[in-house]
Asker: 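Dropping a structure here in structure tokens format, bear with me for questions.
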Amino acid sequence: MGIVNIGILAHVDAGKTTLTERILFETGFIKALGSVDKGTTQTDTLALERSRGITIQAAVASFQLHTHTINLIDTPGHADFIAEVERSLRILDGVVLVISAVEGVQPQTRRLVHAIRAARLPLLIFINKIDRIGARDQGVLNDIRQKLDLRIVPCTAPTGLGERSATVTAADRTASAWQEPVIDLLAETNEQVIAEFERTDGQLSQEFITAALCRAVVDGEVVPVYFGSAITGVGVPALLAGIEEWLATDSVPAGEPVSGLIFKITRKGSGEKVAYIRLFTGHLAVRQRVILHRQNRFGETEAFEERITGIDRFTAGTANQAEQASAGEIVIAHGLRTAQIGDYFGEATAWALRQGRAFPAPALESVVQPNDPAQIAQLRTALEQMAEQDPLIALRQRNDAGEVSVRLYGEVQKEVLLDTLAQEYGIGVTFGPSQTICIERLVGTGEAASYIGHPDNPFYATIAFQIAPARPDSGLHYSRELGSLPPAFYRAIEETIHETLKQGLLGWEVPDCAVTLTTTGYSSPLSTAADFRNLVPLVLMEAMHRAGTLVCEPFDELLLDIPADTYGAVCSAVLNARGTLQDTQTDGETSRLVCLIPTAELRAIEQQLPRLTRGDGGWESHFAAYIPITTTPPARERVGPNPLNRPHYLAEIARL
Ligand code: GDP
């Protein structure tokens, strides 16, 4: 019996939740249909999701298709949660993408398809809402081909579009009208198909076509498309048959040592931490010891030995206690106290480490304040717990008063944090306005040194650094010239360099630079690691001050497909938003624009685009680069003792 883990993905409102509910009903997993409009669905777990009608944290439901168990991993639809979608792709075997027959391909659909293709997952498309007025078939198919650049094979066709009684008929796969375009598609990437075509003089057997098509679908090269209505249920049985035919391909290797990936962490009401694991190979049993692997910020793999104290398996959709679990399954493990999202155990197979696309860090931050100042410590603890459950929530203590700021993708994420803090932790909070997070880049090379015994240096440590620019996105290049400090001191120096670079001359992080430790000295037995920790910020920041930095702002590349006659209006909106036009192509009635736009302005532009393009525009954006700010650069409030102000720094260090 095989296990297949599937995600249903869609832009908001395409009908993902309704389809999930319908599938669970059709397969007998639930006895009554819930409704998103009434807030009674199975998969939206958080109360908040119910009230907002959006799905946030991936929930698991499962059903049986003949001999296969299909786990449905419900994923969020809102753009602010795309990072969570990408994370959940790593544990899937295939994806069903829902597109509305009325609204068609949306900007969010493109982002999802990019992520799915980057993860090289098999994909099926369900064109939903064929019963709704305004439903289209050929138009949507063409959009999928052109805007999503997908090679598709329609497996059903709708009749009675736009009527409640709309229905679907299965494509006749023996008809040449179906086979010919399929053979053409397959021949584009599969030379065997061309060879077989020549060998049989164009008379390919249906078995051959099906087998080649199945391979192409599994490789994510060809996408079967189904029409239907999640509300009336039409077309859903055909989709289920499609899931079984194309996605349930029993590829889980058996009998190997256990390997798995932790993709979600939650805490139970009692505070106990539980880890969601996708098992790739082997078996996992209660009381088993596992070694969790994790990459630390120095690029080294750290190992943590832990013991599993309990396993919950998803059988018949609910999590039930079990003694063991095996390859392919998604389980909840108890007892992994140090586990973090992204930890894996067992062989680091390519599968387990499937990363998908590298995802840019959130570009916004906002200060969070408890409405009741007495709750500041509770707020910190709550946010720390939430950050543990979502690695993309990054905290920063803003000042000595304990004010905290969080990194964000957008406003919806803010609302979710606000509601979660209120409902799960009983803390009412207010967010300040979102601000763009900049970085600093070095302009030149700088050097600085401080020696034991010098009147300026109250620490038993000698250090000299050289700091120089490094290629964007290349991170910190740390090297040291000959010296013979005890290893603990070297470690202290390296850790403090990382910490110090979080705040450059104007308070922004300095992500890319080359730091060389050129001179060291200590005095035995007086020197301690703390002497080095305290001295590093002073010397490094002095070197940075000599090198100079430029504050750089994040920019996104915005790709737009718009009606040619709206070009002028769209261009001026882009320019008004401090954007620049990189490229334009006009093809008949459609113009394609490539723009660079400050990430801070993106949301505002995206909100104007439907109006500017009369609803006919399509666009997508992704992080492009950090670009230097040529006007007065913004500064960020500094946290902790300020090494750029030596007296203040020394006084603060003495106080701590
Ligand atoms: P999600 O945001 O993708 O999860 O979408 P939902 O399942 O919440 O559906 C969004 C809205 O579309 C709800 O009002 C649904 O009742 C409606 N809807 C979903 N599927 C269909 C369908 O097949 N036909 C019609 N007419 N409405 C649908």
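Just follow the structure's listing: the first ligand is 1, and inside any ligand the first atom is 1. Below, each value reflects all heavy atoms present in this structure, side chains not excepted, and no hydrogens, waters or symmetry copies. Numbers here are sequence positions counted from 1.
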Asker: Can you name the atoms of ligand 1, numbered from 1 with element, that are less than 4.0 Å from a heavy atom of His11?
Answerer: 3 (O)
Asker: Check whether any N or O atom of Arg132, backbone or side chain, sits under 3.5 Å from an N or O atom of ligand 1, and answer yes or no.
Answerer: no
Asker: Does this structure show an ion pair linking Glu103 with Arg132, if we count only N-O contacts that are shorter than 4.0 Å?
Answerer: yes
Asker: Suppose I only count heavy atoms of Thr17 and a 4.0 Å limit; which atoms of ligand 1 are within that range?
Answerer: 1 (P), 4 (O), 7 (O)
Asker: How far does CD of Gln64 sit from OG1 of Thr69, to the nearest 0.5 angstrom?
Answerer: 4.0 Å
Asker: At under 4.0 Å between heavy atoms, is it the side chain or the backbone of Asp131 that contacts ligand 1, or both, or neither?
Answerer: side chain
Asker: Can you tell me if CZ on Arg151 sees more than 12 non-hydrogen neighbours from other groups inside 6.0 Å?
Answerer: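 For Arg151, atom CZ is crowded (more than 12 foreign heavy atoms under 6.0 Å).
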Asker: Is there a polar contact between ligand 1 and Gly228, counting only N or O atoms under 3.5 Å apart?
Answerer: no
Asker: Would you find a donor on one side and an acceptor on the other, under 3.5 Å apart, between the side chain of Asp556 and the backbone of Thr599?
Answerer: no
Asker: To which of Arg22, Lys16, Arg164 does the heavy atom nearest atom 3 (O) of ligand 1 belong?
Answerer: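 The nearest heavy atom belongs to Lys16.
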Asker: Is there a polar contact, in the sense of an N or O pair closer than 3.5 Å, between Ile231 and ligand 1?
Answerer: yes
Asker: Just wondering, more than 12 heavy atoms not from Glu272 lying within 6.0 Å of its CD?
Answerer: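 Count over threshold, so yes.
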Asker: Leu19 versus ligand 1: do any nitrogen or oxygen atoms come within less than 3.5 Å of each other?
Answerer: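 No; the residue has no nitrogen or oxygen that sits under 3.5 Å from a nitrogen or oxygen of the ligand.
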Asker: State the atoms of ligand 1, each with its element, that fall below the 4.0 Å cut-off from a heavy-atom position in Ser229.
Answerer: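 Taking each heavy atom of Ser229 in turn, ligand 1 has 22 (C), 23 (O), 24 (N) under 4.0 Å.
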Asker: Using only heavy-atom distances, determine whether the side chains of Ser229 and Lys129 contain a donor-acceptor pair under 3.5 Å.
Answerer: no
Asker: Tell me, do Val102 and Arg136 make a side-chain contact under 4.5 Å, heavy atoms counted?
Answerer: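 With C-beta onward as the side chain, the pair stays apart.
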Asker: If you measure from each heavy atom of Glu21 to ligand 1, is any distance below 4.0 Å?
Answerer: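 Flag not set, Glu21 not near ligand 1.
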